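Have a look at the structure below before the remarks.
These numbers come from a predicted model, not from an experiment. Sequence lines set the chain letters: A, B, ... in the order given, protein chains first and strands last, and positions in each chain run from 1. Below, all heavy atoms of this structure are taken into account, side chains as well, without hydrogens, waters or symmetry copies.
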Amino acid sequence: MGSLFPFQDLNYPPPSFLNPKIEPKIEPFDDQLHLHQPNFSNTSNYIQEQLPVPEINLEEQQVYAEFYRISELFRSAFSKRKHGELEVLHPELSIVPHHGQVGNKVSSSTAIVKKALKHSHRSSEMVRVTDLGIEDQIYFRDLVRRTRMVYEALRIFLIQEEDNEKGLGFGKRMRADLKAASLMKDRGGWLNRDKRIIGSIPGVYIGDVFFFRMELCVIGLHGQAQAGIDYVPISQSSSGEPVATSIIVSGGYEDDEDAGDVIIYTGHGGQSRNSARQCVHQKLEGGNLALERSKFYDIEVRVIRGVKCDKAPVGKVYIYDGLYKIIDCWFDIGKSGFGVYKYRIVRIANQPEMGSSVFKYASELRAKPLSLRPSGYLSLDISKKKENLPVFLFNDIDSDRDPLLYEYLAKPIYPPFSYPQMNTSRGCDCISSCCDGCLCAQRNGGEFPYDRNGILLKGKPVVFECGTSCRCPPTCRNRVSQSGLKYRLEIFRSRETGWGVRPLDLIPAGSFICEYTGVVLTMQQASIFAMNGDSLVYPSRFPERWVEWGDISQVYPDFKQPTIPQAPSLDFAMDVSRMRNVACYFSHSTTPNVLVQFVMYDHTNASYPHLMLFAMENIPPLRELSLDYGVADDWTEKLAICN
DNA sequence: GTTTCTTCAAGAGG
DNA sequence: CCCTCTTGAAGAAA
């Protein structure tokens, strides 16, 4: 089977960049300034009596035929098994605690992210963090991920709250991006404030995507709310010289030239108010001086690019592109005839590919896949139009064609008895779009599960979308996950994870990605099926990652993740041995970027919810998608073996 | 510690 | 779509 349980853990950066044998180093920085010799480290039981089958079309009949075929398999085997044994085969639902299990080594490095207090300014102590072991990498990735989830949850919460108070589209909007950051700062929720980190920030990977400048401040990637150059100021540097830490290249200066690996960057200042034109000479001070000093001492800077992106809330995203060095610095006359400081900034070799160029590549790939990659495609749509977007199948490393052997199943096959009997279910009576207080909102605990953009607001034990018995149109905002793919996906072959899945689009955090499909089996059916050595997925084994999504208890301690509607009993297994969809190829990770949210909409059997997959973070194009399959209780031991 | 100043934000309106 | 205005918050410097 191979691909069903891709248990190879997927933790970025990919293993080829790791060297787990090396102890983490947190180097004091000041000495290096004086030595002038920086050391840049490389960096149902099966219902016997048949219930009436609802009216179905031809295609669905074939699908049901498959269900009955499998049911028949069990019918013969079922009688030989006893209930007691079945219980044993049904493992307890286990919620894997993921935190604080990362080993003792971490404790040394956690010091650098110790929560800052409310009034504290940034520290003046400079450090460089390199050669983190894989456990530490996972730890920091998780920390950054969680911090970003809080930020995003808070931001969306503030917007929702404002909408609820003032109604849609009236008056000026509050700056939720700023407000969320400010609230987190007050609670000490910002990262990396007790040390100034030179070089890469632990837990932030090249290619990571941000929608707001303030988010860069929150995680400590770039500490300036607006200024493009962040640096350790003179007053805080032991050598009396400023040191640049990070720059943002976002096209705001007319004299910039961005060629990717090489940037001609303009210093800041000299611009008139409300205009991007130079109107006075720049001075060698502040960030300009810091960049010059960083060049002199050969110190690397982080580079973040602002890149146009229609899907982003502000038409722009910020992409972390890795470390660069300033190799040249001069004073020049700019296009407007005033003096500007210019810096030639070159990307350091042997880093993962730049996020911004991956962005560009992915957009070309969407437009003309075959001209960019003439060989390697096994299918340009493995779903054969069953999905509303093509699902690519790509393998350029070996001859494995395994995914072609399975029938593509866009929706799971539920047992007929899970569908409602005629006219027994009720839906809402909303005509255009669902409104507050309608039946469907009540089912979800009085609020809608999604925002206007279809972003999942909070993880819940189960989400009720509007269904077949509702009168609202398909465009209703409570029909997010039942509408199919919105982002293009590619199943691809990887040396690290076997078969995996990656998007061709940027997927914003909280977005619906796809459903996990297969043939739904009762536990009794499943237990027999499992004896035949076939591939089953048990929904109850997915750790409850949804509790992490939309959790703002860090800022509002009273906040509790909803426990209503009640958790489904999840008394089923999903058979993917013959029919499956793209979700089946997601890799496993203990720091996943995708979560499982149970959703009900088309049938009434609460034990058989849909397994809907949502993005837990902003997922850049071509980054592999990963799910927590809940199999890695012994993960740390496994790691030890791998190393 | 406080105040002033600058700043490659982001929203809204023209 | 681009320009301009407004509001805004952090951090550096004084």
**Report entry** Within residues 302-311 of chain A or reaching into it, pairs that qualify as salt bridge (charged side-chain N to carboxylate O under 4.0 Å, His left out) - sequence neighbours excluded
**Finding:** Asp258(A)-Arg305(A), Arg305(A)-Asp321(A), Lys311(A)-Asp505(A)
**Report entry** Residue pairs fulfilling salt bridge (charged side-chain N to carboxylate O under 4.0 Å, His left out) with at least one residue in residues 278-287 of chain A, sequence neighbours excluded
**Finding:** none
Query raised in the report: Toward the 5' end of DNA chain B, which comes first, Arg155(A) or Gly228(A), by nearest nucleotide?
Result: Gly228(A)
Requested in this report: Specify the residue among Tyr265(A) and Pro313(A) whose closest nucleotide of DNA chain B lies further upstream toward the 5′ end.
Outcome: Tyr265(A)
Requested in this report: Would you please name every residue forming a side-chain hydrogen bond (donor to acceptor under 3.5 Å, both in side chains) with His222(A), sequence neighbours left out?
Outcome: Ser246(A)
Query raised in the report: Going by number, which of residues 214-224 of chain A have a non-hydrogen atom under 4.0 Å from DNA chain C?
Result: Met214(A), Gly223(A), Gln224(A)
Requested in this report: Using heavy atoms to find the nearest nucleotide of DNA chain C for Pro242(A) and Ala225(A) separately, return the residue whose nucleotide is more 5′.
Outcome: Ala225(A)
Query raised in the report: Want to settle it: does Leu178(A) or Lys308(A) sit nearer the 5' end of DNA chain C, counting the closest nucleotide to each?
Result: Lys308(A)
Report task. Measure the shortest side-chain to side-chain distance between Gln597(A) and Leu456(A) over non-hydrogen atoms and say whether it is less than 4.5 angstrom. Result -> yes
Counting only side-chain heavy atoms from C-beta out, which of [options] sits nearest to [X]?
| X | options | result |
| --- | --- | --- |
| Phe212(A) | dA9(C), dC8(B), dG11(B) | dG11(B) |
| Gln226(A) | dA10(C), dG8(C), dG11(C) | dG8(C) |
| Tyr231(A) | dA9(C), dA12(C), dA10(B) | dA12(C) |
| Asp230(A) | dG11(B), dT7(B), dA12(C) | dA12(C) |
| Gln236(A) | dG11(B), dA12(C), dG11(C) | dA12(C) |
| Arg196(A) | dA12(C), dA10(B), dA10(C) | dA12(C) |

[X]: what forms a salt bridge (charged side-chain N to carboxylate O under 4.0 Å, His left out) with it, not counting sequence neighbours?
| X | result |
| --- | --- |
| Arg477(A) | none |
| Glu152(A) | Arg155(A) |
| Arg347(A) | none |

Side-chain N or O of [X] less than 4.0 angstrom from OP1 or OP2 on [N]?
| X | N | answer |
| --- | --- | --- |
| Ser250(A) | dA9(B) | yes |
| Lys179(A) | dG8(C) | no |
| Arg175(A) | dT6(C) | no |

Query raised in the report: Do you see a donor-acceptor pair shorter than 3.5 Å between the side chains of Glu465(A) and Tyr450(A)?
Result: yes
Query raised in the report: Are Ser123(A) and Asp194(A) close enough that a side-chain donor and a side-chain acceptor fall under 3.5 Å?
Result: no
Spacing between [X] atom [atom1] and [N] atom [atom2], to the nearest angstrom:
| X | N | atom1 | atom2 | value |
| --- | --- | --- | --- | --- |
| Asp255(A) | dC8(B) | CG | P | 13 Å |
| Ile319(A) | dC8(B) | CD1 | P | 20 Å |
| Glu162(A) | dA12(B) | CD | C1' | 13 Å |
| Lys316(A) | dC2(C) | NZ | C1' | 14 Å |
| Asp258(A) | dC8(B) | CG | C1' | 13 Å |
| Ile229(A) | dA9(B) | CD1 | P | 12 Å |
| His268(A) | dA13(C) | NE2 | C1' | 12 Å |
| Arg213(A) | dA10(C) | CZ | C1' | 11 Å |

May I ask you to say what [X] touches in the nucleic acid, namely base, sugar-phosphate or nothing, with a heavy-atom cut-off under 4.0 Å?
| X | value |
| --- | --- |
| Gly287(A) | nothing |
| Asp177(A) | sugar-phosphate |
| Tyr318(A) | sugar-phosphate |

Requested in this report: Could you list all the ring-ring contact (aromatic ring centres under 6.0 Å, His included) pairs where at least one residue sits in residues 330-356 of chain A, not counting sequence neighbours?
Outcome: His281(A)-Phe338(A), Phe331(A)-Tyr341(A)
Query - Structure string for DNA chain B in dot-bracket form, Watson-Crick and G-U at under 3.5 Å, | interchain - result: .||||||.||||||
**Report entry** Pair Glu617(A) + Arg141(A), salt bridge at N-O below 4.0 Å
**Finding:** yes
